[in-house]
Amino acid sequence: MSSLLNQLHSLRAQAQQDIAQADSLEGLETLRVRYLGRKDGQLTKILQALPSLSPEEKKVLGREANEAKISLETALNEKKGAIEEKTLNAVLSAAAGQDLTLPESPLSVGRRHPLAQVMDDIVGCFLRLGFNLAEGPEVETDFNNFTALNHPPDHPARDSHDTFYVKNFRDGEGLPLLLRTHTSPVQIRHMQTHKPPLSIVAPGRVFRHEAVDATHSFVFHQVEGLAVDVDISVADLKGVLGLFARHVFGSNVEIRFRPAYFPFVEPGIEVDISCTLCEGKGCRVCKQTGWVEMLGAGMVNPNVFRAVGYDPDKVTGYAFGIGVERVAMFKYGVDDMRLFFENDVRFLRQVSR
Ligand code: FA5
């Protein structure tokens, strides 16, 4: 028994000495396992002799072992605190001269560009109404961009779209390829490859050789819509555009149709949205008129159906082309389109969610 007690005392003395000399958290952990480890710790090994002792001896050894355990655990904890404090002091003195009480710099999270958000919003509205998504290339043939859309070769309407032609590249007819001036050629591509009934929405980037000002850009975005079936009427077009306007601008908005000319629709319509910024009273965004022009639309011209091999006596359809930048300007009350392209983050933060 006395040899066990001696072992215990020298274990305690040795452990206290080792803990006092430890200089890292890893070293401390090694000592904890060596002396107090449940399986192979030296204290556990001494206690393995307990069953062979008398009840009185068990009491004495048990009490002493318990005291040794508590005192070593306390020493380990105190040493751990001391090592951590030393590490922190080293970090602080390395940062001497810096003001550690300053707030951390805020983490700024990126967002989608406001034009992308508006485009998604418009497209999402039509997808929910049952339209399918369609796409076309930005470099187009003269046929798809003009001829099939009822612009004969010498038709003056071609001049209304100042076109960027792609040098040295020609389509199958020997005509120059061009950067599409609107998303309407997607109508042609889709009808050439699909049979009616169909309803599609086609977002995309378009290009016109135009001077840039507050309401015009030489590259901008449109969302094209097309629905073809038997007995489609202007009433269907009006209903769908009304739903679109209320979805994007809120339930109080009104739309009005004005006659307009586009070779590929008959009748052609320009659609205005009542100005929700001034509630129709007149402001700088609606140029004091109470209305803002948002899109072109109309009933598909029979010549367009003929160009894609549809029988105009059997089907009717409507089409529309929405100017995305105009929608974004109106939605955010911005009176200069160029702000959307300059990408000044102070502006983008103001208008995007
Ligand atoms: C067209 O581009 C026709 N393709 C739209 C259409 C489709 C009519 C289907 C009928 C049936 P327009 O050139 O008006 O039409 O342009 C449509 C919309 O694009 C305009 O209402 C306007 O919102 C926007 N837009 C036109 N030119 C510019 C420009 N330079 N910069 C920014 N937005 C423009």
Side-chain angles (χ1 to χ4, degrees), residues 115 118-119 122 126 131 134 136 140 144-146 148-151 157-164 178-191 199-228 232 234 236-238 240-241 244-245 248-249 255-273 285-287 291-305 316-331 334-341:
L115 288 179
V118 167
M119 193 124 106
I122 299 171
F126 290 107
F131 285 66
E140 258 301 358
N144 288 339
N145 196 80
F146 288 126
L149 287 164
N150 198 33
H151 297 70
R158 282 174 189 255
D159 298 339
S160 69
H161 290 198
D162 295 301
T163 311
F164 286 112
L178 47 84
L179 297 186
R180 65 178 175 191
T181 58
H182 50 175
T183 41
S184 300
V186 184
Q187 293 184 32
I188 301 302
R189 288 178 174 271
H190 198 81
M191 287 192 282
S199 52
I200 54 154
V201 64
R205 198 154 51 144
V206 303
F207 309 82
R208 292 186 196 175
H209 190 236
E210 267 186 32
V212 172
D213 63 23
T215 51
H216 293 85
S217 172
F218 62 90
V219 44
F220 57 100
H221 299 82
Q222 292 186 336
V223 175
E224 191 80 12
L226 169 73
V228 183
I232 286 206
V234 179
D236 297 312
L237 174 62
K238 198 164 184 186
V240 160
L241 291 179
F244 147 75
V248 175
F249 301 112
I255 60 172
R256 87 177 172 187
F257 279 13
R258 279 181 294 107
Y261 175 70
F262 301 98
F264 37 95
V265 283
E266 181 57 41
I269 296 160
E270 256 166 3
V271 183
D272 297 339
I273 308 269
V285 173
C286 65
K287 302 203 176 79
W291 295 92
V292 187
E293 182 211 312
M294 206 62 60
L295 60 124
M299 300 305 291
V300 179
N301 190 305
N303 286 340
V304 175
F305 284 143
T316 54
Y318 62 72
F320 54 84
I322 302 169
V324 175
E325 281 75 5
R326 298 270 166 89
V327 173
M329 285 173 78
F330 185 48
K331 193 174 163 89
V334 171
D335 59 4
D336 193 330
M337 186 181 290
R338 287 168 287 200
L339 288 166
F340 287 109
F341 301 109

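First listed ligand is number 1; within each ligand, the first listed atom is number 1.
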query = What's the verdict on side chain to side chain contact (heavy atoms under 4.5 Å, CB included) for L178 and F146, showing C-alpha distance, side-chain angles and the deciding distance?
reply = CA-CA 10 Å; L178 47 84; F146 288 126; 3.9 Å; yes

Starting from [atom], which protein heavy atom do you reach first, and at what distance in Å?
atom	result
atom 28 (C) of ligand 1	F220 CZ, 3.3 Å
atom 15 (O) of ligand 1	F262 CE2, 3.3 Å
atom 31 (N) of ligand 1	S217 N, 3.0 Å
atom 8 (C) of ligand 1	G296 C, 3.4 Å
atom 5 (C) of ligand 1	G321 CA, 3.9 Å
atom 24 (C) of ligand 1	G323 CA, 3.7 Å

Using a 4.0 Å heavy-atom cut-off, which part of [X] comes near ligand 1: side chain, backbone, both, or neither?
X	value
M294	backbone
A319	both
F264	side chain

ask   = Going through the distances and angles, do I232 and L237 end up as a side chain to side chain contact (heavy atoms under 4.5 Å, CB included)?
value = CA-CA 8 Å; I232 286 206; L237 174 62; over 6 Å; no

task = Counting heavy atoms only, name the option from Q222, R326, H221 that's nearest to atom 19 (O) of ligand 1.
result =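 It is Q222 that holds the nearest heavy atom.
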
message = With a 4.0 Å cut-off on heavy atoms, is E325 in contact with ligand 1?
response = no

ask   = Has ligand 1 got any nitrogen or oxygen that is less than 3.5 angstrom from a nitrogen or oxygen of E293?
value =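 In this structure, E293 places an N or O atom under 3.5 Å from an N or O of ligand 1.
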
inquiry  = So for ligand 1, is Q187 a polar contact partner (N or O within less than 3.5 Å, distance only)?
reply    =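 For ligand 1, there is no N or O atom that lies under 3.5 Å from one belonging to Q187.
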
I'd like to check which ligand 1 atoms, numbered from 1 as shown, lie under 4.0 Å from a non-hydrogen atom of [X].
X	answer
L295	21 (O)
E224	7 (C), 9 (C)
S184	4 (N), 7 (C)
E210	30 (N)
V265	10 (C), 11 (C)
R208	1 (C), 2 (O), 12 (P), 13 (O), 16 (O), 26 (C), 27 (N)

Is the closest side-chain heavy-atom distance between [X] and [Y] below 4.5 Å?
X	Y	answer
P203	T183	no
L241	L295	yes
R208	H216	no

ask   = Using the benzene-type ring in the case of Trp, are the ring centres of F244 and F131 under 6.0 Å apart?
value = no

query = Who passes side chain to side chain donor-acceptor pair (under 3.5 Å) against N150, sequence neighbours left out?
reply =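 Listed in chain order: N303.
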
inquiry  = Going by the rule side chain to side chain donor-acceptor pair (under 3.5 Å), which residues pair with R256 if we only count those two or more places apart in sequence or in a different chain?
reply    =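 Checked R256 against side chain to side chain donor-acceptor pair (under 3.5 Å); matches are D272.
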
message = Quick one, M329 with V292, criterion side chain to side chain contact (heavy atoms under 4.5 Å, CB included). Give me CA distance, side-chain angles, the key distance, then yes/no.
response = CA-CA 10 Å; M329 285 173 78; V292 187; over 6 Å; no

request  = Determine the interplanar angle of the H182 and H151 rings, folded into 0 to 90°, and report it as parallel if under 30°, tilted if 30 to 60°, perpendicular if over 60°.
outcome  = perpendicular

query = Using 30° and 60° as the class limits, which term best fits the ring planes of Y318 and F320: parallel, tilted or perpendicular?
reply = parallel

Derivation of the side chain to side chain contact (heavy atoms under 4.5 Å, CB included) call for F218 and H209 = CA-CA 6 Å; F218 62 90; H209 190 236; over 6 Å; no

